[in-house]
Protein chains: 2
Amino acid sequence: MTEAVARVGVDELVDGLRSQGLRITGARRAICAVLAESRGEHLTAAAIHQRAVARSGVPINASTIYRTIEVLQVLSLVRYAHLGHGPAVVHLVQDGGHHHLVCEICGRTEDLPAADVRAALRELAERHHFVPATLHVSVIGICAECRAAG
Amino acid sequence: MTEAVARVGVDELVDGLRSQGLRITGARRAICAVLAESRGEHLTAAAIHQRAVARSGVPINASTIYRTIEVLQVLSLVRYAHLGHGPAVVHLVQDGGHHHLVCEICGRTEDLPAADVRAALRELAERHHFVPATLHVSVIGICAECRAAG
DNA sequence: ATGTGTGCAAAGCATTTGCAGCCAG
DNA sequence: CTGGCTGCAAATGCTTTGCACACAT
(Lines give C-alpha, C1' and ligand atoms only; values in the text may rest on other atoms or scores of the structure.)
Protein backbone atom coordinates (compact mmCIF):
# COMPACT_ATOMS: atom_id res chain seq x y z
CA MET A 1 0.00 0.00 0.00
CA THR A 2 2.64 2.49 1.06
CA GLU A 3 5.77 2.74 -0.99
CA ALA A 4 8.80 4.95 -1.04
CA VAL A 5 8.31 7.72 -3.58
CA ALA A 6 10.31 10.80 -4.35
CA ARG A 7 9.05 13.35 -1.85
CA VAL A 8 8.03 16.64 -3.40
CA GLY A 9 8.28 19.52 -0.97
CA VAL A 10 7.52 23.22 -1.11
CA ASP A 11 11.10 23.86 -2.10
CA GLU A 12 11.00 21.79 -5.26
CA LEU A 13 7.91 23.66 -6.37
CA VAL A 14 9.19 27.09 -5.43
CA ASP A 15 12.55 26.38 -7.03
CA GLY A 16 10.74 25.25 -10.14
CA LEU A 17 9.11 28.64 -10.39
CA ARG A 18 12.30 30.49 -9.59
CA SER A 19 14.24 28.55 -12.20
CA GLN A 20 11.98 30.00 -14.83
CA GLY A 21 12.60 33.52 -13.64
CA LEU A 22 9.13 33.65 -12.14
CA ARG A 23 8.52 35.60 -8.97
CA ILE A 24 7.90 34.06 -5.61
CA THR A 25 4.97 35.76 -3.96
CA GLY A 26 3.07 35.02 -0.80
CA ALA A 27 0.18 33.58 -2.73
CA ARG A 28 2.39 31.31 -4.78
CA ARG A 29 4.29 30.12 -1.75
CA ALA A 30 1.03 29.28 0.01
CA ILE A 31 -0.30 27.41 -3.00
CA CYS A 32 2.93 25.44 -3.35
CA ALA A 33 2.83 24.60 0.35
CA VAL A 34 -0.74 23.34 0.07
CA LEU A 35 0.20 21.16 -2.89
CA ALA A 36 3.31 19.86 -1.19
CA GLU A 37 1.29 18.93 1.89
CA SER A 38 -1.35 17.23 -0.22
CA ARG A 39 1.08 14.47 -1.17
CA GLY A 40 -0.76 13.64 -4.35
CA GLU A 41 -4.28 14.19 -3.03
CA HIS A 42 -6.69 15.36 -5.69
CA LEU A 43 -7.70 18.93 -5.06
CA THR A 44 -10.13 21.16 -6.84
CA ALA A 45 -9.13 24.76 -7.42
CA ALA A 46 -11.63 25.67 -4.71
CA ALA A 47 -10.01 23.32 -2.21
CA ILE A 48 -6.56 24.69 -2.95
CA HIS A 49 -7.97 28.17 -2.53
CA GLN A 50 -9.52 27.44 0.87
CA ARG A 51 -6.41 25.79 2.22
CA ALA A 52 -4.06 28.41 0.87
CA VAL A 53 -6.07 31.16 2.50
CA ALA A 54 -6.33 29.21 5.75
CA ARG A 55 -2.60 28.55 5.96
CA SER A 56 -1.47 32.03 4.95
CA GLY A 57 -4.12 34.06 6.73
CA VAL A 58 -4.06 36.47 3.82
CA PRO A 59 -6.97 36.55 1.39
CA ILE A 60 -6.10 35.26 -2.07
CA ASN A 61 -8.20 35.77 -5.13
CA ALA A 62 -9.58 32.77 -6.99
CA SER A 63 -8.06 33.92 -10.25
CA THR A 64 -4.64 33.81 -8.66
CA ILE A 65 -5.23 30.15 -7.88
CA TYR A 66 -6.08 29.36 -11.46
CA ARG A 67 -3.19 31.38 -12.82
CA THR A 68 -0.73 29.66 -10.50
CA ILE A 69 -2.05 26.19 -11.28
CA GLU A 70 -1.64 27.03 -14.94
CA VAL A 71 1.99 27.99 -14.43
CA LEU A 72 2.79 24.89 -12.37
CA GLN A 73 1.07 22.75 -14.92
CA VAL A 74 3.16 24.12 -17.77
CA LEU A 75 6.23 23.28 -15.72
CA SER A 76 4.87 19.74 -15.34
CA LEU A 77 4.90 20.10 -11.58
CA VAL A 78 1.20 19.44 -11.27
CA ARG A 79 -1.30 17.76 -13.50
CA TYR A 80 -4.97 18.22 -14.19
CA ALA A 81 -7.46 15.35 -14.22
CA HIS A 82 -11.10 15.49 -15.26
CA LEU A 83 -12.91 12.83 -13.33
CA GLY A 84 -16.49 12.78 -14.47
CA HIS A 85 -18.67 15.86 -14.02
CA GLY A 86 -17.77 18.65 -11.67
CA PRO A 87 -14.67 20.73 -11.26
CA ALA A 88 -11.29 19.58 -12.51
CA VAL A 89 -8.85 18.28 -9.93
CA VAL A 90 -5.16 18.96 -9.64
CA HIS A 91 -2.48 16.79 -8.15
CA LEU A 92 1.25 16.84 -7.70
CA VAL A 93 3.41 14.99 -10.17
CA GLN A 94 5.47 13.13 -7.62
CA ASP A 95 5.87 9.50 -8.52
CA GLY A 96 6.14 9.42 -12.25
CA GLY A 97 2.41 9.79 -12.47
CA HIS A 98 -0.46 7.67 -11.37
CA HIS A 99 -4.04 7.06 -12.31
CA HIS A 100 -7.37 6.97 -10.63
CA LEU A 101 -9.84 4.57 -9.16
CA VAL A 102 -12.97 6.64 -8.73
CA CYS A 103 -15.79 5.31 -6.59
CA GLU A 104 -19.10 6.15 -8.19
CA ILE A 105 -20.87 5.98 -4.84
CA CYS A 106 -18.75 7.92 -2.38
CA GLY A 107 -16.75 9.75 -5.03
CA ARG A 108 -13.44 9.11 -3.34
CA THR A 109 -10.44 8.43 -5.48
CA GLU A 110 -7.57 6.07 -4.95
CA ASP A 111 -4.31 6.01 -6.83
CA LEU A 112 -3.41 3.36 -9.32
CA PRO A 113 0.38 3.11 -9.76
CA ALA A 114 1.33 4.36 -13.18
CA ALA A 115 4.08 1.90 -13.89
CA ASP A 116 1.78 -1.11 -14.00
CA VAL A 117 -0.76 0.61 -16.19
CA ARG A 118 1.70 2.25 -18.47
CA ALA A 119 3.28 -0.87 -19.88
CA ALA A 120 0.00 -2.40 -20.93
CA LEU A 121 -1.33 0.77 -22.51
CA ARG A 122 1.84 1.89 -24.17
CA GLU A 123 1.91 -1.19 -26.30
CA LEU A 124 -1.70 -0.61 -27.30
CA ALA A 125 -1.09 3.01 -28.11
CA GLU A 126 1.94 2.29 -30.22
CA ARG A 127 -0.02 -0.28 -32.14
CA HIS A 128 -2.16 2.71 -33.12
CA HIS A 129 0.93 4.70 -34.16
CA PHE A 130 0.35 6.97 -31.22
CA VAL A 131 3.02 8.33 -28.93
CA PRO A 132 1.68 8.48 -25.39
CA ALA A 133 2.67 11.54 -23.41
CA THR A 134 0.45 11.97 -20.45
CA LEU A 135 -1.58 9.03 -19.40
CA HIS A 136 -4.91 9.94 -17.98
CA VAL A 137 -6.72 6.91 -16.77
CA SER A 138 -9.81 6.76 -14.64
CA VAL A 139 -11.38 3.51 -13.62
CA ILE A 140 -14.84 4.19 -12.29
CA GLY A 141 -16.43 1.59 -10.07
CA ILE A 142 -17.31 0.79 -6.48
CA CYS A 143 -14.74 0.87 -3.73
CA ALA A 144 -14.29 -1.76 -1.07
CA GLU A 145 -15.90 0.37 1.61
CA CYS A 146 -19.05 1.20 -0.29
CA ARG A 147 -19.44 -2.39 -1.36
CA ALA A 148 -19.20 -3.51 2.26
CA ALA A 149 -21.82 -0.91 3.20
CA GLY A 150 -24.10 -2.48 0.61
CA MET B 1 -8.41 -0.78 -38.50
CA THR B 2 -12.00 -1.49 -39.45
CA GLU B 3 -13.73 -4.30 -37.69
CA ALA B 4 -17.23 -5.68 -37.59
CA VAL B 5 -19.06 -4.29 -34.59
CA ALA B 6 -22.67 -4.54 -33.55
CA ARG B 7 -24.37 -1.76 -35.49
CA VAL B 8 -26.47 0.56 -33.34
CA GLY B 9 -29.23 2.25 -35.30
CA VAL B 10 -31.93 4.79 -34.53
CA ASP B 11 -34.29 1.95 -33.77
CA GLU B 12 -32.23 0.45 -30.99
CA LEU B 13 -32.05 3.84 -29.31
CA VAL B 14 -35.70 4.70 -29.79
CA ASP B 15 -36.75 1.24 -28.64
CA GLY B 16 -34.57 1.68 -25.60
CA LEU B 17 -36.53 4.78 -24.68
CA ARG B 18 -39.86 3.18 -25.45
CA SER B 19 -39.07 0.13 -23.38
CA GLN B 20 -38.84 2.37 -20.35
CA GLY B 21 -42.23 3.84 -21.03
CA LEU B 22 -40.61 7.08 -22.16
CA ARG B 23 -42.20 9.10 -24.93
CA ILE B 24 -40.85 9.37 -28.43
CA THR B 25 -40.87 12.99 -29.51
CA GLY B 26 -39.50 14.69 -32.58
CA ALA B 27 -36.56 16.07 -30.64
CA ARG B 28 -35.68 12.68 -29.17
CA ARG B 29 -35.96 10.97 -32.50
CA ALA B 30 -33.65 13.55 -34.10
CA ILE B 31 -31.11 13.20 -31.30
CA CYS B 32 -31.15 9.42 -31.56
CA ALA B 33 -30.70 9.65 -35.31
CA VAL B 34 -27.71 11.95 -34.92
CA LEU B 35 -26.13 9.58 -32.43
CA ALA B 36 -26.85 6.54 -34.59
CA GLU B 37 -25.24 8.25 -37.57
CA SER B 38 -22.22 9.24 -35.50
CA ARG B 39 -21.09 5.62 -35.26
CA GLY B 40 -19.18 6.24 -32.09
CA GLU B 41 -17.86 9.67 -32.97
CA HIS B 42 -17.33 11.89 -29.96
CA LEU B 43 -19.83 14.70 -29.94
CA THR B 44 -20.26 17.63 -27.61
CA ALA B 45 -23.76 18.57 -26.57
CA ALA B 46 -23.43 21.57 -28.88
CA ALA B 47 -22.53 19.38 -31.85
CA ILE B 48 -25.46 17.08 -31.22
CA HIS B 49 -27.66 20.13 -30.95
CA GLN B 50 -26.52 21.58 -34.29
CA ARG B 51 -26.90 18.33 -36.15
CA ALA B 52 -30.25 17.50 -34.62
CA VAL B 53 -31.63 20.88 -35.63
CA ALA B 54 -30.12 20.61 -39.11
CA ARG B 55 -31.57 17.18 -39.73
CA SER B 56 -35.03 17.85 -38.31
CA GLY B 57 -35.46 21.41 -39.52
CA VAL B 58 -37.28 22.16 -36.27
CA PRO B 59 -35.56 24.27 -33.60
CA ILE B 60 -34.68 22.31 -30.48
CA ASN B 61 -33.73 23.87 -27.20
CA ALA B 62 -30.32 23.16 -25.72
CA SER B 63 -31.81 21.96 -22.46
CA THR B 64 -33.68 19.28 -24.36
CA ILE B 65 -30.37 18.02 -25.65
CA TYR B 66 -28.94 17.77 -22.17
CA ARG B 67 -32.06 16.16 -20.77
CA THR B 68 -32.12 13.57 -23.53
CA ILE B 69 -28.44 12.76 -23.20
CA GLU B 70 -29.05 12.26 -19.50
CA VAL B 71 -31.84 9.80 -20.18
CA LEU B 72 -29.83 7.84 -22.76
CA GLN B 73 -26.91 7.78 -20.43
CA VAL B 74 -28.94 6.29 -17.59
CA LEU B 75 -30.06 3.59 -20.00
CA SER B 76 -26.38 2.96 -20.83
CA LEU B 77 -27.02 3.72 -24.47
CA VAL B 78 -24.51 6.53 -24.55
CA ARG B 79 -21.57 7.42 -22.38
CA TYR B 80 -19.93 10.62 -21.30
CA ALA B 81 -16.20 11.21 -21.47
CA HIS B 82 -14.29 14.18 -20.10
CA LEU B 83 -11.23 14.58 -22.24
CA GLY B 84 -9.17 17.40 -20.88
CA HIS B 85 -10.59 20.91 -20.65
CA GLY B 86 -13.61 21.95 -22.65
CA PRO B 87 -17.08 20.53 -22.93
CA ALA B 88 -17.84 16.89 -22.20
CA VAL B 89 -18.26 14.58 -25.15
CA VAL B 90 -20.84 11.88 -25.65
CA HIS B 91 -20.59 8.75 -27.70
CA LEU B 92 -22.66 5.70 -28.47
CA VAL B 93 -22.07 2.54 -26.50
CA GLN B 94 -21.84 0.24 -29.48
CA ASP B 95 -19.00 -2.18 -29.15
CA GLY B 96 -18.89 -3.01 -25.51
CA GLY B 97 -17.19 0.29 -24.87
CA HIS B 98 -13.92 1.74 -25.94
CA HIS B 99 -11.39 4.23 -24.73
CA HIS B 100 -9.61 7.20 -26.12
CA LEU B 101 -6.37 8.21 -27.70
CA VAL B 102 -6.38 11.97 -27.57
CA CYS B 103 -3.86 13.91 -29.62
CA GLU B 104 -2.62 16.87 -27.66
CA ILE B 105 -1.73 18.74 -30.83
CA CYS B 106 -4.70 18.39 -33.18
CA GLY B 107 -7.15 17.36 -30.48
CA ARG B 108 -8.56 14.50 -32.48
CA THR B 109 -9.50 11.32 -30.71
CA GLU B 110 -9.16 7.76 -31.82
CA ASP B 111 -10.77 4.75 -30.26
CA LEU B 112 -8.89 2.19 -28.25
CA PRO B 113 -10.75 -1.13 -28.16
CA ALA B 114 -12.05 -1.77 -24.70
CA ALA B 115 -11.50 -5.48 -24.58
CA ASP B 116 -7.72 -5.20 -24.71
CA VAL B 117 -7.57 -2.50 -22.09
CA ARG B 118 -10.13 -3.99 -19.80
CA ALA B 119 -8.27 -7.18 -18.99
CA ALA B 120 -5.13 -5.40 -17.92
CA LEU B 121 -6.90 -2.84 -15.79
CA ARG B 122 -9.46 -5.14 -14.23
CA GLU B 123 -6.75 -7.15 -12.60
CA LEU B 124 -5.17 -3.98 -11.24
CA ALA B 125 -8.45 -2.66 -9.94
CA GLU B 126 -9.32 -5.88 -8.21
CA ARG B 127 -5.96 -5.91 -6.55
CA HIS B 128 -7.18 -2.66 -4.97
CA HIS B 129 -10.46 -4.30 -3.87
CA PHE B 130 -12.25 -2.19 -6.37
CA VAL B 131 -15.06 -3.33 -8.65
CA PRO B 132 -14.74 -1.61 -12.00
CA ALA B 133 -17.97 -0.47 -13.58
CA THR B 134 -17.32 2.03 -16.29
CA LEU B 135 -13.82 2.27 -17.59
CA HIS B 136 -12.86 5.73 -18.61
CA VAL B 137 -9.45 5.73 -20.13
CA SER B 138 -7.77 8.53 -22.02
CA VAL B 139 -4.28 8.22 -23.34
CA ILE B 140 -3.03 11.66 -24.26
CA GLY B 141 -0.16 11.95 -26.66
CA ILE B 142 0.72 12.75 -30.25
CA CYS B 143 -0.99 11.07 -33.17
CA ALA B 144 0.80 9.67 -36.21
CA GLU B 145 -0.31 12.54 -38.41
CA CYS B 146 0.89 15.33 -36.15
CA ARG B 147 4.17 13.56 -35.57
CA ALA B 148 4.69 13.31 -39.32
CA ALA B 149 3.91 17.02 -39.64
CA GLY B 150 6.73 17.68 -37.21
C1' DA C 1 12.81 51.21 -11.40
C1' DT C 2 10.29 47.84 -14.00
C1' DG C 3 7.34 44.62 -15.45
C1' DT C 4 5.31 40.53 -13.34
C1' DG C 5 1.71 39.11 -10.33
C1' DT C 6 -2.43 40.41 -8.00
C1' DG C 7 -7.16 41.87 -6.86
C1' DC C 8 -11.39 43.09 -8.49
C1' DA C 9 -15.18 42.80 -11.29
C1' DA C 10 -17.15 41.36 -15.19
C1' DA C 11 -17.56 38.27 -18.86
C1' DG C 12 -17.57 33.57 -20.73
C1' DC C 13 -18.94 28.94 -21.43
C1' DA C 14 -21.21 24.61 -20.29
C1' DT C 15 -24.78 22.95 -17.90
C1' DT C 16 -28.92 22.92 -14.80
C1' DT C 17 -33.39 24.28 -13.16
C1' DG C 18 -38.28 26.32 -12.44
C1' DC C 19 -42.28 27.03 -14.48
C1' DA C 20 -46.06 27.21 -17.79
C1' DG C 21 -47.87 25.25 -21.81
C1' DC C 22 -47.90 21.41 -25.30
C1' DC C 23 -48.29 16.94 -27.20
C1' DA C 24 -47.51 11.73 -27.14
C1' DG C 25 -49.77 8.01 -25.16
C1' DC D 1 -57.12 13.47 -20.88
C1' DT D 2 -53.06 13.79 -18.33
C1' DG D 3 -48.48 13.61 -17.18
C1' DG D 4 -44.21 13.54 -19.38
C1' DC D 5 -41.55 16.60 -22.44
C1' DT D 6 -40.37 20.99 -24.16
C1' DG D 7 -39.21 25.88 -24.58
C1' DC D 8 -37.89 29.82 -22.42
C1' DA D 9 -35.32 32.38 -19.42
C1' DA D 10 -32.86 32.79 -15.60
C1' DA D 11 -29.58 30.84 -12.46
C1' DT D 12 -25.63 28.20 -11.48
C1' DG D 13 -20.83 26.68 -11.27
C1' DC D 14 -16.32 26.77 -12.90
C1' DT D 15 -12.96 29.27 -15.19
C1' DT D 16 -11.00 33.14 -17.84
C1' DT D 17 -9.91 37.87 -18.83
C1' DG D 18 -9.12 43.18 -18.83
C1' DC D 19 -7.46 46.64 -16.36
C1' DA D 20 -5.15 49.36 -12.79
C1' DC D 21 -2.31 48.97 -8.89
C1' DA D 22 1.24 46.66 -5.92
C1' DC D 23 5.35 44.38 -4.95
C1' DA D 24 9.33 41.01 -5.95
C1' DT D 25 13.43 41.39 -8.23
Open item on the list: Within the 4.5 Å heavy-atom criterion, are B/Leu17 and B/Cys32 side-chain neighbours or not?
Closed with: yes
Open item on the list: Applying side chain to side chain donor-acceptor pair (under 3.5 Å), can you list everything that pairs with A/Asn61, at least two apart in sequence or on another chain?
Closed with: A/Ser63
TODO: Please name all residues satisfying side chain to side chain donor-acceptor pair (under 3.5 Å) with B/Arg18, sequence neighbours left out, ordered by chain then number.
DONE: B/Asp15
Open item on the list: Angle between the two end axes of the helix from C/dA1-D/dT25 to C/dG25-D/dC1, five base pairs per end, rounded to 10 degrees?
Closed with: 30°
Task: Heavy-atom protein contacts under 4.0 Å, nucleotides 17-25 of chain C, coded B base, S sugar-phosphate only, - none - done: BB-----BS
Open item on the list: Among residues 48-57 of chain A, which ones have heavy-atom contacts with DNA chain D below 4.0 Å?
Closed with: none
Under 3.5 Å donor-acceptor pairs involving side-chain atoms of residues 20-28 of chain A, not counting sequence neighbours:
unit_1  : atom_1 : unit_2  : atom_2 : d
A/Thr25 : OG1    : A/Arg28 : N      : 3.2
A/Arg28 : NH1    : A/Arg23 : O      : 3.0

Open item on the list: Any base atoms under 4.0 Å from B/Ala88, or only sugar-phosphate, or nothing? Heavy atoms, all strands.
Closed with: sugar-phosphate
TODO: Provide, to the nearest angstrom, the distance between the CD1 atom belonging to A/Ile69 and the C1' atom belonging to D/dC14.
DONE: 12 Å
Open item on the list: What is the distance, to the nearest angstrom, from the NE2 atom on B/His82 to the P atom on D/dC14?
Closed with: 14 Å
TODO: To the nearest Å, give me how far apart CD1 (A/Ile65) and P (D/dC14) are.
DONE: 14 Å
- [ ] Report yes if at least one side-chain N or O of B/Tyr66 is closer than 4.0 Å to OP1 or OP2 of C/dT15; otherwise report no.
- [x] yes
Task: Euclidean distance, A/Thr68 OG1 relative to A/Arg29 CZ, rounded to 0.5 Å - done: 12.5 Å
TODO: For residues A/Ile48 and A/Leu35, determine if any side-chain heavy atom of one lies less than 4.5 Å from a side-chain heavy atom of the other.
DONE: yes
Task: Residue pair B/Gln73 / B/Arg79, side-chain heavy-atom distance below 4.5 Å - done: no
- [ ] Starting at atom CZ of B/Arg28, determine the distance to atom C1' of D/dG4, rounded to an integer number of angstrom.
- [x] 8 Å
TODO: May I have the distance from A/Ile60 (atom CD1) to D/dA22 (atom P), rounded to whole angstrom?
DONE: 19 Å
Task: Given C/dG5, D/dC14, C/dT15, the nucleotide with the shortest approach to the side chain of B/Ala45 - done: C/dT15
Open item on the list: Centre-to-centre under 6.0 Å for A/Tyr80 and B/His85, is that the case here?
Closed with: yes
TODO: Determine, for B/Glu37 against B/Arg55, whether the closest basic-nitrogen to carboxylate-oxygen distance falls under 4.0 angstrom.
DONE: yes
Open item on the list: Using the side-chain heavy atoms of B/Ala27, tell me which of these nucleotides is nearest: C/dA14, D/dT6, D/dT15.
Closed with: D/dT6
Task: Note, B/Ile69 side chain near B/Ile65 side chain (heavy atom, < 4.5 Å) - done: yes
- [ ] Could you check if a side-chain atom of A/Leu43 sits within less than 4.5 angstrom of a side-chain atom of A/Val89, using non-hydrogen atoms only?
- [x] no
TODO: Quickly work out the A/Glu70 CD to C/dG5 P distance and round it to whole Å.
DONE: 12 Å
